[in-house]
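First the structure, in the form of structure tokens, and then the observations on it.
Letters go in sequence order (proteins before strands), and every chain restarts at 1. Predicted model, so just to flag it, every value in this text is computed and none were measured.
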There are 4 protein chains.
Amino acid sequence: MIVRIDPKSNIPLYEQIIQQVKEMCVKGILKPDDKLPSVRELSSSIVINPNTVSKAYQELERQGVIVTLRGKGTFVAEHQIQEATEKQVIAMKKELEKIIIECKYLGITIDEMNKWVQEIYREMREQADDRS
Amino acid sequence: MIVRIDPKSNIPLYEQIIQQVKEMCVKGILKPDDKLPSVRELSSSIVINPNTVSKAYQELERQGVIVTLRGKGTFVAEHQIQEATEKQVIAMKKELEKIIIECKYLGITIDEMNKWVQEIYREMREQADDRS
Amino acid sequence: MIVRIDPKSNIPLYEQIIQQVKEMCVKGILKPDDKLPSVRELSSSIVINPNTVSKAYQELERQGVIVTLRGKGTFVAEHQIQEATEKQVIAMKKELEKIIIECKYLGITIDEMNKWVQEIYREMREQADDRS
Amino acid sequence: MIVRIDPKSNIPLYEQIIQQVKEMCVKGILKPDDKLPSVRELSSSIVINPNTVSKAYQELERQGVIVTLRGKGTFVAEHQIQEATEKQVIAMKKELEKIIIECKYLGITIDEMNKWVQEIYREMREQADDRS
DNA sequence: GTGGTCTAGACCACA
DNA sequence: GTGGTCTAGACCACC
């Protein structure tokens with residue numbers, strides 16, 4: 001499992017890890033029951049503090065993305081479809097609106113954005129298929 | 001101009017102001033040359049520190065959304081479509097991907113997201129038309 | 001707000017803080033909008049690391065017990081009645097069963113336990129009334 | 001003797017075994033002088049490390065729940081009602097309070113909890129009667 | 001070996 | 001002033 005961290009980003013390191021793990025799960029690069037690198041392994045491989053990795057793993061577990069088996073390690077959980085709460089839906093919508101407004105200012109058209117969405121979705125499907 | 005701030009949100013107050021001003025500009029609620037409330041007016045109306053409003057205005061001016069004329073006040077700038085740099089495009093794409101992944105985990109389908117995009121765009125057009 | 005920590009307990013320090021804050025909220029010692037001591041204040045008053053207090057506060061916020069206002073501090077949230085999920089109900093039931101079994105081994109009768117429950121409940125009501 | 005282990009639980013495996021054995025004793029599924037499976041038998045049947053089972057058995061013996069007769073095997077001990085020390089009583093009370101507070105936050109009423117207690121007690125009696 | 005917790009101390013953004 | 005993040009390094013329980 002390859003994780004790429006940008007220490008200059010304003011996104012917290014642990015958040016970057018969370019996002020990448022989720023991305024890999026969605027894209028099928030990580031499949032249920034796959035073992036994640038141990039806290040120490042990952043922290044030394046990307047040269048950050050073990051605590052930071054630990055925090056990321058704990059949050060991922062809280063979200064049900066991974067499970068930790070005592071003394072054995074950390075594993076990708078079974079995919080479970082959650083039911084989004086209304087709050088969460090509103091939040092996502094707001095996020096989307098934010099992006100659209102930003103794109104408008106950057107002169108990016110809705111057509112371009114639609115193309116991106118298709119791309120992203122295609123990538124998710126393809127990679128998932130490759131591995132199944 | 002009505003600004004709604006949520007002090008409990010994890011989004012910085014000054015960021016919330018920036019977003020709302022930009023949103024109003026894009027939706028046509030604020031038009032070029034419209035006058036914005038002064039820092040003191042706005043800060044007292046939403047009960048936050050004037051420094052926070054000031055910071056928001058400064059950032060908005062830096063982005064070319066508004067202009068301040070010394071002694072006259074702050075006004076909405078002429079809409080100028082920027083040319084997005086490659087970095088910015090990649091950033092927006094990444095943001096979009098992040099949302100899509102998140103929605104996937106929340107059980108929100110791509111169709112629903114597409115509907116949202118249509119909604120948001122329609123809202124932007126309609127309100128802009130009302131005012132033109 | 002007085003917090004008592006037992007560093008010898010096998011319960012994590014941050015957990016002890018969480019429990020005590022919740023207890024004080026339920027008993028009415030802490031009321032909505034009351035300000036909690038800052039991370040630094042509390043950590044120095046009970047002589048533990050600020051990170052530990054921070055972790056407790058973050059978890060409390062995640063649970064909706066408290067809210068943090070950026071740069072202002074941490075406050076007791078409005079009481080909101082959650083809807084327990086089935087999983088949570090089963091977990092609580094299991095916990096209760098565990099205690100009952102343990103009590104059985106210790107020769108504690110069900111009548112004694114019932115008395116405890118009454119006591120605990122009375123304490124919660126009384127203190128809440130005192131403050132309202 | 002059927003033991004069900006959840007490796008994903010945050011409760012240590014050896015603790016889960018202890019709890020289940022005690023539960024079965026209290027419910028009358030296991031009676032004094034009943035033979036328990038050997039460490040190897042149990043460890044292979046629930047697919048965990050023999051050391052873990054061994055640890056559980058040792059702790060159960062320490063608590064006087066079971067006895068091991070060298071060369072013969074492990075057996076359920078005579079039920080002996082202990083005299084609870086004050087420390088233990090306080091600890092159980094605290095545990096109970098913790099649960100009640102938690103339930104309060106989950107919107108579970110005291111009436112519901114009382115029903116649970118009745119249920120649990122009934123189950124303990126019935127199964128004990130079946131076997132006597 | 002694994003993850004969980006804690007300390008000591010630092011820097012940063014926010015208000 | 002506030003909380004949020006991160007590092008460096010330690011100890012512990014569990015398997």
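- Note on residues 35-53 of chain A: no pairs pass side-chain hydrogen bond (donor to acceptor under 3.5 Å, both in side chains), not counting sequence neighbours.
- Checked by atom type and distance alone, the side chain of A/Glu102 never pairs as donor or acceptor with a backbone atom of B/Met92 at under 3.5 Å.
- Residues forming a salt bridge (Lys or Arg N to Asp or Glu O under 4.0 Å) with B/Lys93 (at least two apart in sequence, or on another chain): A/Glu119.
- Not a single donor-acceptor pair under 3.5 Å links the side chain of B/Glu23 to the backbone N or O of A/Ile101.
- Looking at which nucleotide of DNA chain F each of A/Val47 and C/Ser38 is closest to, the 5′-most match is held by C/Ser38.
- Residues forming a side-chain hydrogen bond (donor to acceptor under 3.5 Å, both in side chains) with B/Gln19 (at least two apart in sequence, or on another chain): B/Glu15.
- Evaluation of the side-chain hydrogen bond (donor to acceptor under 3.5 Å, both in side chains) test over residues 58-77 of chain C, restricted to residues two or more places apart or in two chains, returns C/Lys22-C/Gln63, C/Ser54-C/Gln58, C/Glu59-C/Arg62, C/Glu59-C/Gln63, C/Glu61-C/Thr68.
- Rounded to whole Å, the distance from CD1 on B/Ile18 to C1' on E/dA15 is 14 Å.
- To the nearest angstrom, C1' of F/dG4 lies 17 Å from CG of C/Leu42.
- Taking all atoms of both residues into account, the shortest heavy-atom contact from A/Cys25 to B/Tyr105 is CB-OH, 3.2 Å.
- Taking atom CZ on A/Phe75 and atom P on E/dG3, their separation rounds to 9 Å, with Å as the unit.
- Look at C/Gln58 and you'll find a side-chain N or O under 4.0 angstrom from OP1 or OP2 of F/dG4.
- For the pair A/Ser54 and E/dG3, the criterion of a side-chain N or O lying under 4.0 Å from OP1 or OP2 is not met.
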> Quick one: what's the B/S/- string for nucleotides 10-15 of chain F, heavy-atom cutoff under 4.0 Å, read 5' to 3'?
Replying inline: ----BS
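- B/Ile2 CD1: 12 or fewer foreign heavy atoms inside a 6.0 Å radius.
- Taking atom CD1 of residue C/Ile46 and atom C1' of nucleotide E/dT7, one finds them 14 Å apart after rounding to whole Å.
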> In dot-bracket notation, what is the pairing pattern of DNA chain E, taking Watson-Crick (N1-N3 plus N6-O4 or O6-N4) and G-U wobble (N1-O2 and O6-N3) contacts under 3.5 Å, with [ ] crossing and | for other strands?
Replying inline: ||||||||||||||.
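- Partner of A/Thr85 under the side-chain hydrogen bond (donor to acceptor under 3.5 Å, both in side chains) criterion, out of A/Lys87, A/Gln82, A/Gln88: A/Gln88 alone.
- A straight line from NZ of B/Lys8 to P of F/dT2 spans 21 Å, rounded to a whole angstrom.
- One atom, CD of B/Gln16, and another, C1' of E/dC14, lie 12 Å apart when rounded to the nearest Å.
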